[in-house]
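Down below is the structure, laid out as structure tokens.
Computed from a predicted structure; not experimentally measured. Along the sequence shown, residues are numbered consecutively beginning with 1.
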Amino acid sequence: MANRIRNSRRIKTSQSPERSRPTSCFSHSRSNNFIQKIEAPEGTRFGVLFSYAKGIKTAKFSPETSFLIGQALAKVHQSTEHVELMRMSYNAQNLLKNPVVRTKNFYSKNTTEIQFLESLSDFLTLKMENTDLQKMRYGAVHLDVWFDNLHIDNEKEITFFDFDFCGNGYLCFDISYFLFQLFTTHLNEEEYEAKADHFIRGYETVTKINDEEKKFLPYACLAIMTYYISVQCNRFEYWTNIFLNEDHLKRMVGNLKRWIAYHKIEVTKYF
């Protein structure tokens, strides 16, 4: 929690009138403490207060708003590039190899979905090894940028929040993950493509996405989603995920396969 506060404050303190960073920031108490102790029936818990994020959550935004989301994310990345947090550094080991083992142990069955995730993990690990990572921008990443973690105010202002998974990684992780979530919430591919195009164009009005990053965009989100499937399994006991069953895994894997088919990615084994 302390690291999330430091990251949030780092972004905010880099602001200037002409380079506003659109993130919700932690607020301190009258005693100048950010982390508050809360005595709960199950014991002491800790919480923080965020600054107000104007607007609403909605998946139904226009291509023009998608353009603004791209601009807003690029401004955040301007502040977080080259920043190193005392948090997880996302790589093939903790995005792919370890998560697949955790997911397989949770379900205790070698289903076709588990076999697919194992094959996908091997494929993506090789893809990362063959990508020129030195050419990709690196720094602090949000890793969960989608409509549920941002507010849109009058289709004009964007505010990001929820830095639970912030860590160190390639900045294109955030771009790819947003595109994937946009894809899964838009069954109409023409609508998706219009918003995706506006998002990328908005981002590049602030800072360019280089060729190596663009080539990696179809793959990065697959690694992140492999990780998030394992997070749901790992936190089952205290997230009380009653939806977490084999049908849910099939839906998650189904979304991955739809993205893979759309991008004509060849993952041959078990696919």
Minimal non-hydrogen separation, [X] against [Y], with atom names:
X	Y	result
Val100	Ser121	CG2-CB, 3.7 Å
Ala196	Leu179	CB-CD2, 3.7 Å
Lys57	Leu150	CG-O, 3.8 Å
Met88	Tyr227	CE-OH, 4.0 Å

So, [X] and [Y]: side-chain donor and acceptor under 3.5 Å apart, yes or no?
X	Y	answer
Gln232	His248	yes
Tyr177	His142	no
His151	Lys54	no
Glu212	Tyr170	no

>> Run Phe61 and Leu68 through side chain to side chain contact (heavy atoms under 4.5 Å, CB included) and show every step you take.
In response: CA-CA 11 Å; Phe61 50 82; Leu68 296 177; over 6 Å; no

Any side-chain heavy-atom pair of [X] and [Y] under 4.5 Å:
X	Y	value
Ile209	Glu204	yes
Cys166	Leu143	no
Ile158	Phe160	yes
Leu73	Asp174	yes
Leu249	Leu244	no
Cys172	Leu217	yes
Leu256	Met225	yes
Tyr107	Cys233	yes

>> The test is side chain to side chain contact (heavy atoms under 4.5 Å, CB included); show your working for Ile69 and Phe67 and say whether it passes.
In response: CA-CA 5 Å; Ile69 295 171; Phe67 182 93; over 6 Å; no

Check for a donor-acceptor pair, side chain of [X] on one end and backbone N or O of [Y] on the other, with a separation under 3.5 Å.
X	Y	answer
Thr185	Leu182	yes
Asp197	Glu193	no
His263	Trp259	no
Asn94	Ser89	yes
Asn149	Phe161	no
Ser119	Gln115	yes
Arg235	Ser230	no
Ser62	Thr65	yes
Asn105	Val101	yes

When rounded to the nearest 0.5 angstrom, what distance separates [atom1] in [X] from [atom2] in [Y]?
X	Y	atom1	atom2	value
Ile200	Ile175	CD1	CD1	6.0 Å
Lys135	Arg137	NZ	CZ	15.0 Å
Phe116	Thr111	CZ	OG1	11.5 Å
His82	Asn168	NE2	CG	13.0 Å
Ser176	Glu213	OG	CD	11.5 Å
Tyr219	Ile224	OH	CD1	15.0 Å

> In terms of hydrophobic clusters joined by side-chain contacts under 4.5 Å, are Val206 and Val141 together?
Replying inline: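 Looking at the clustering, Val141 is in a separate group from Val206.
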
> Can you get from Leu133 to Tyr138 by hopping between Ile, Leu, Val, Met, Phe, Trp and Tyr side chains that sit under 4.5 Å apart?
Replying inline: yes

>> Cation-pi check for Phe216 against Lys127: NZ or CZ below 6.0 Å from the six-membered ring centre and within 45 degrees of the axis, yes or no?
In response: no

> Think Lys37 forms a cation-pi with Phe46, using NZ or CZ under 6.0 Å from the six-ring centre and within 45 degrees of its axis?
Replying inline: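 Verdict for Phe46: no cation-pi partner in Lys37.
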
> Salt bridge or not for Glu39 and Arg45, using N-O below 4.0 Å?
Replying inline: no

> Would you call Glu118 and Lys97 a salt bridge, taking side-chain N to carboxylate O under 4.0 Å as the test?
Replying inline: no

> Yes or no on side chain to side chain contact (heavy atoms under 4.5 Å, CB included) for Leu95 and Thr226, after CA distance, side-chain angles and deciding distance?
Replying inline: CA-CA 7 Å; Leu95 285 175; Thr226 301; over 6 Å; no

>> Please determine whether side chain to side chain contact (heavy atoms under 4.5 Å, CB included) holds for the pair Asp153 and Thr159, giving the CA-CA distance in whole Å, both sets of side-chain angles, and the decisive distance to 0.1 Å.
In response: CA-CA 8 Å; Asp153 185 35; Thr159 305; over 6 Å; no

>> If you count every heavy atom of other residues, nucleotides or ligands that lies below 6.0 Å from Lys156 atom NZ, does the total exceed 12?
In response: no

>> Would you say CG of Asp211 has more than 12 non-hydrogen atoms from neighbouring residues, nucleotides or ligands within 6.0 angstrom?
In response: no

> Can you check salt bridge (Lys or Arg N to Asp or Glu O under 4.0 Å) on Glu190 and Lys195, steps first, answer last?
Replying inline: CA-CA 9 Å; Glu190 288 185 1; Lys195 293 183 182 181; over 6 Å; no

Can you confirm if the aromatic rings of [Y] and [X] lie within a centre distance of less than 6.0 Å?
X	Y	value
Phe147	Phe178	no
Tyr262	Tyr192	yes
Tyr90	Phe173	no

>> Between Thr207 and Gln78, is the side-chain hydrogen bond (donor to acceptor under 3.5 Å, both in side chains) condition met? List the steps.
In response: CA-CA 8 Å; Thr207 186; Gln78 282 185 324; 5.2 Å; no

